[in-house]
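Predicted, not measured: the structure shown is a model, and the values here were computed from it. Chain identifiers are assigned alphabetically (A, B, ...) following the order of the sequence lines, protein sequences preceding nucleic acid strands; residue numbering begins at 1 within each chain.
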Protein chains: 2
Amino acid sequence: MARKTGSHSEITGPRIRDAALKLFARHGFAAVSMRQIAAEVGVQAGALYLYTPDKETLLFDLLKAHMDDLLAAWDADDPGGAPVARLEGFVRFHIRFNLERPDAVFLSYMELRNLGAANFAAIEALRKTYETRLETILRDGQGAGVFALPDTKIATLAIIAMLTGVNTWYREGGRLSRAAVGDLYWDMVRKSVAA
Amino acid sequence: MARKTGSHSEITGPRIRDAALKLFARHGFAAVSMRQIAAEVGVQAGALYLYTPDKETLLFDLLKAHMDDLLAAWDADDPGGAPVARLEGFVRFHIRFNLERPDAVFLSYMELRNLGAANFAAIEALRKTYETRLETILRDGQGAGVFALPDTKIATLAIIAMLTGVNTWYREGGRLSRAAVGDLYWDMVRKSVAA
DNA sequence: GTCTATAGGACGATAGAC
DNA sequence: GTCTATCGTCCTATAGAC
């Protein structure tokens, strides 16, 4: 970064969000200073306030964008059709999507507590919307007699927790490919809901 | 707290750990100051340093105590016997133990990144030890032909993630009792590993 | 064992020059 | 659009009185 001054609004904004996402995920929201984010981007701390009114809003924007991406990506990926096929699609989609953006997933689970009440409610609503996508599949399958679930709401939460857990251990270049992980989890999920 | 001075080493130490656990879980390690912890206990910030050399060690002691408790409690609770019975015991134990101390569970998953390398390695080793307890059960059942698991290590991690997820949604006095939650999760786990 | 006081520095956010 | 400089506040950790 030899350049010292200039006008770069179109690239600086995304670079700030990228840097904040990485640093927040690595060290925690409270542990990261605006000065650190600015240093990562290559600007001075004051310049960040051209792109966000304050630190919390920067966090909120990251979480909001992640949840919007998640919902849009699933709605585009949903294969439709029979509940078993849709469930398999969901399992493989969730693992793949989350492994592609581990920092955003981690932030979404860990830093909600740093949001004010209104921002918190907005993210929670998006999360519940996503959960409902899966719950609908389970309830359809239950009604059709292909799944046997005493409680579809709890099954929804249990499956999502299990799938999201992949992010805590998966490492690129490890023993298993992403596709192999999808196979293993689909095997367990399929059996766990079977009639 | 009308009292202002005095000698209370036996009660102040535990009270500091209780306050730190609660505040770290609620707001995050980095977001909580030593002054806040001291205020919660009813002493001045400087007095905390009679009980811990620094803030990170205070966090480490909380995480270490939690993992030691977890391992000791399971070893005392393990019913032994056939793999299916042991697995059911593990599922019910894990849910019950974690629901009794949500703050410590949350801290153990979220604040490891605030430890130095040596402290981090110590906690990680204890976690792996706990995982091995479950993996051994799964491998025994696989060998006996009562479980069908393509990958016992991944199944171990998947089951623990699913069970620990209970802490993210369970609320005392809600729709389900703890025992009912145990029933629901055991139903899903049992089927997911079935031969 | 706890207090008061403080050293020495980092924090979020803003003002004004360029 | 970015910089430099700064305000007012808070931080961890320590020193020394009681």
Side-chain angles (χ1 to χ4, degrees), chain A residues 1-63 107 111 113-116 118-119, chain B residues 1-24 26-63 107 111 113-116 119:
Chain A
M1 309 301 286
R3 165 185 57 77
K4 277 290 176 43
T5 68
S7 179
H8 304 274
S9 67
E10 293 116 32
I11 58 170
T12 302
R15 276 164 54 77
I16 288 171
R17 282 187 287 278
D18 288 350
L21 176 60
K22 175 180 133 185
L23 291 170
F24 288 163
R26 190 116 68 210
H27 307 292
F29 174 76
V32 174
S33 69
M34 296 298 268
R35 283 169 174 82
Q36 278 176 272
I37 297 168
E40 180 86 10
V41 173
V43 298
Q44 291 299 313
L48 300 183
Y49 292 90
L50 295 168
Y51 299 92
T52 184
D54 53 41
K55 195 182 170 191
E56 185 198 316
T57 302
L58 179 53
L59 173 63
F60 173 74
D61 289 344
L62 293 172
L63 300 184
L107 263 201
E111 303 292 1
R113 62 190 172 191
N114 288 297
L115 297 177
N119 284 343
Chain B
M1 309 306 283
R3 166 185 55 77
K4 279 289 176 43
T5 68
S7 178
H8 304 275
S9 67
E10 293 116 29
I11 58 171
T12 302
R15 277 163 54 78
I16 289 171
R17 282 188 286 279
D18 289 350
L21 176 60
K22 175 181 132 186
L23 291 170
F24 288 163
R26 191 114 69 211
H27 307 292
F29 174 76
V32 174
S33 70
M34 296 298 267
R35 282 171 174 80
Q36 280 177 271
I37 298 168
E40 180 87 9
V41 173
V43 297
Q44 292 299 315
L48 299 182
Y49 292 89
L50 295 169
Y51 300 92
T52 184
D54 53 41
K55 195 181 170 191
E56 185 197 316
T57 302
L58 179 54
L59 173 64
F60 173 73
D61 289 343
L62 293 172
L63 300 184
L107 263 201
E111 302 292 1
R113 62 190 171 191
N114 288 297
L115 297 178
N119 284 343

> Does the side chain of Y51(B) get closer than 4.0 angstrom to OP1 or OP2 of dG1(C) through an N or O atom?
no

> CG of L58(A) to CG of L63(A): how many Å apart, nearest 0.5 Å?
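The CG atom of L63(A) is 10.0 Å from CG of L58(A), to the nearest 0.5 Å.
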
> Could you say whether A45(A) or A47(B) is positioned toward the 5' end of DNA chain C, judged by the nucleotide with the nearest heavy atom to each?
A47(B)

> Measure the distance from CD1 on I16(B) to C1' on dT2(C) and round it to the nearest whole Å.
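Answer to the nearest Å: 11 Å.
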
> Quick one: which of dA13(C), dG1(C), dC11(C) gets closest to the side chain of D54(A)?
dA13(C)

> Please give, in whole Å, the distance from dC7(D) C1' to M34(A) CE?
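Those two atoms, CE and C1', are 17 Å apart.
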
> Send over the distance from R15(B) CZ to dG1(C) C1', rounded to a whole Å.
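Atom-to-atom, R15(B) to dG1(C), this comes out as 14 Å.
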
> Let me know, please, whether L50(B) or Q36(A) comes out on the 5' side of the other along DNA chain C by nearest nucleotide.
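It is L50(B), whose closest nucleotide lies nearer the 5' terminus.
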
> Short question: side chain of E40(A), backbone of L23(A) - any donor-acceptor pair under 3.5 Å?
no

> Below 4.0 angstrom from OP1 or OP2 of dT4(D), is there any side-chain N or O of Q44(A)?
yes

> Please report, rounded to the nearest Å, how far the C1' atom of dT14(D) is from the NZ atom of K55(B).
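After rounding, the gap between these two atoms is 17 Å.
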
> Is a side-chain N or O of Q36(A) found less than 3.5 angstrom from the main chain of S33(A), in a donor-acceptor match?
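Between the backbone of S33(A) and the side chain of Q36(A) there is a qualifying donor-acceptor contact (under 3.5 Å).
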
> Figure out the CG/P separation between L58(A) and dG12(C), and round it to whole Å.
11 Å

> The side chain of T12(B) is closest to which nucleotide in this list: dT2(C), dG12(C), dC3(D)?
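Output: dT2(C).
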
> Output the rounded distance in Å from CZ (R35(A)) to P (dT2(D)).
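Value for this atom pair: 18 Å.
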
> Enter the distance from T57(B):OG1 to L115(B):CG here, rounded to the nearest 0.5 Å.
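CG of L115(B) is found 9.5 Å from OG1 of T57(B).
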
> Taking atom P of dA13(D) as reference, at what distance in whole Å does atom CD1 of I37(B) sit?
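Result: 10 Å.
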
> Expressed as a whole number of angstroms, how long is the span from Y49(B):OH to dA5(C):P?
19 Å

> At under 4.0 Å, does any side-chain N or O of S33(A) touch on OP1 or OP2 of dA10(C)?
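Answer no for this pair, as no side-chain N or O of S33(A) is under 4.0 Å from OP1 or OP2.
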
> Just by distance, do the side chain of E111(B) and the backbone of F29(B) share a donor-acceptor pair under 3.5 Å?
yes

